[in-house]
Structure formats: C-alpha cells, structure tokens
Amino acid sequence: MSANTAPIYSGVGDIQWGTTALTAANTTYEATGSVLTVFSASASGSFVQRVRFKASGSTTATVARLFINNGQSTVTSSNNILFDEITLAAVTSGSSAATTTFELPLNVALPPAYRILATVATAQANGGWYVSAVGGSYTTL
C-alpha cells in the first residue's frame, strides 16, 4: 500500500455556526452537558481552519471549550474529546464600540460525520457567545 503523496485541499468553502448563542454553563470536560454544535463535517470530510466567538451583548468572563465528536451521541463521554479551549474576557456592549471577537485556530481535518461542539463554563445572563467555524468541505472527483 502506497502512502498518500498528494496534498488534499477542500473543494468548497464551508462556514457554519451554532443556531443560538452559548449561554448555559457546562463545567464538564467531556461535553456531556449542554453543548452547541458549531460544525458538522460533510460526507467526504471537512477541514476546519478556525472558530470565532462573538459576544452578543454584555457577557461574563468564561472559558470556552471545543470538543471533537465522532458523529455519535454527545451524551456518551467516549464519543467526545476535549480538543482546545480559550479564555473569553467579559464584554460590555454599547452603541459606540464594537463587541470583542475571539478566534481560536484549529487547522484540523475531520472525517465524515464528525462534529465540533462548543461549551462555556460560566452562565451568561445578559448576553451570550455566537460561535462560527470557518473551513472547507472535501469533494470527491
């Protein structure tokens, strides 16, 4: 069996996001509580370059955790792995300045059906965190 010597590039850009803002606290390290799916790999697999966190109003300082899920139930801890985390500073929203955006580089290739999940460790009472992922989907020839 020969090794793959050709570089793999995504065939089409793929930007995905969570359907709601992250507001509920989840202090677990295995993503078995309240989680938000922010990216689902295509049938041919996908590449995720980075994940962005944008404050939706005034927020409380917290840590955001990103997990990779194998496409199976998130309530089974062995289906999830803590991949990375980032500190999100408290944000005060107003009408004279933009709210802060935080970015976490991932640069990870996901197999088909795998997902990126996000949580925050501190409940957000007056706002939350919108989470989006920037990447690409692989295509078959």
Side-chain angles (χ1 to χ4, degrees), residues 1-95 97-141:
M1 183 164 114
S2 62
N4 181 7
T5 59
I8 299 172
Y9 300 100
S10 55
V12 62
D14 194 356
I15 300 171
Q16 297 181 34
W17 53 89
T19 56
T20 61
L22 275 173
T23 59
N26 182 339
T27 58
T28 70
Y29 285 86
E30 61 263 336
T32 55
S34 176
V35 298
L36 180 67
T37 300
V38 296
F39 194 91
S40 297
S42 71
S44 298
S46 297
F47 181 82
V48 181
Q49 181 187 51
R50 66 184 180 271
V51 172
R52 295 171 48 94
F53 297 85
K54 180 71 173 170
S56 67
S58 296
T59 62
T60 304
T62 189
V63 61
R65 293 187 176 95
L66 293 179
F67 299 85
I68 295 177
N69 169 270
N70 64 5
Q72 304 300 313
S73 172
T74 62
V75 298
T76 304
S77 62
S78 60
N79 292 336
N80 313 310
I81 184 70
L82 176 60
F83 188 74
D84 210 343
E85 53 191 357
I86 184 172
T87 300
L88 303 177
V91 173
T92 302
S93 66
S95 57
T99 57
T100 307
T101 301
F102 296 89
E103 284 195 359
L104 184 60
L106 294 186
N107 294 318
V108 62
L110 294 177
Y114 274 48
R115 297 179 284 179
I116 302 289
L117 310 172
T119 66
V120 288
T122 308
Q124 304 295 306
N126 299 317
W129 293 95
Y130 288 120
V131 188
S132 57
V134 178
S137 291
Y138 298 128
T139 56
T140 56
L141 298 175

Kindly list each side-chain donor-acceptor pair under 3.5 angstrom involving residues 127-136, sequence neighbours excluded, with atom names and distances?
none

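In this structure, I86 places its CD1 atom where more than 12 heavy-atom neighbours from other residues, nucleotides or ligands lie under 6.0 Å away.
Residues L66 and A118 share a closest heavy-atom pair of CD2-CB, 3.7 Å. The two residues S40 and R115 have their closest heavy-atom pair at OG-CG, 3.6 Å. Taking all atoms of both residues into account, the shortest heavy-atom contact from A25 to T122 is CB-C, 3.8 Å. The two atoms that bring A21 and S56 nearest to each other are CB-OG, 3.9 Å, heavy atoms only. T101 and K54 get closest at one heavy-atom pair: OG1-CD, 2.9 Å. Considering all non-hydrogen atoms of both residues, G45 and S42 come closest at O-OG, 2.8 Å.
Atom-to-atom distance recorded for T87:OG1 and L104:CG is 10.5 Å, nearest 0.5 angstrom. In this structure, OG1 in T60 is found 7.0 Å from CG in N126, a value given to the nearest 0.5 Å. Note that OG1 of T28 is 5.0 Å distant from CZ of F67, once rounded to the nearest 0.5 Å. Atoms CZ and CG, from F83 and L117 in turn, are 13.0 Å apart once rounded to the nearest 0.5 Å.
Paired with I68 under the rule side-chain contact (heavy atoms from CB on, under 4.5 Å), one option of V48, N79, L110, L82 passes, and it is L110.
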Give the intermediate values and the outcome of side chain to side chain contact (heavy atoms under 4.5 Å, CB included) for residues V35 and N80. CA-CA 11 Å; V35 298; N80 313 310; over 6 Å; no
Is there a side chain to side chain contact (heavy atoms under 4.5 Å, CB included) between S137 and V12 once you walk through the steps? CA-CA 6 Å; S137 291; V12 62; 4.0 Å; yes
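Inter-residue side-chain proximity for N107 and F47 is flagged as met; some heavy-atom pair is nearer than 4.5 Å. For the pair D14/F39, a side-chain contact is recorded, criterion being any heavy-atom separation below 4.5 Å from C-beta on. With contacts defined as side-chain heavy-atom distances shorter than 4.5 Å, the pair S93/T99 qualifies. Side-chain atoms of L22 and Q124, non-hydrogen and from C-beta on, never get closer than 4.5 Å to each other. Side-chain atoms of L88 and T59, non-hydrogen and from C-beta on, never get closer than 4.5 Å to each other.
Applying the side-chain hydrogen bond (donor to acceptor under 3.5 Å, both in side chains) rule to pairs touching residues 29-39 yields Y29-R65, sequence neighbours excluded.
In this view, Q72 satisfies the side-chain hydrogen bond (donor to acceptor under 3.5 Å, both in side chains) rule with no residue, not counting sequence neighbours.
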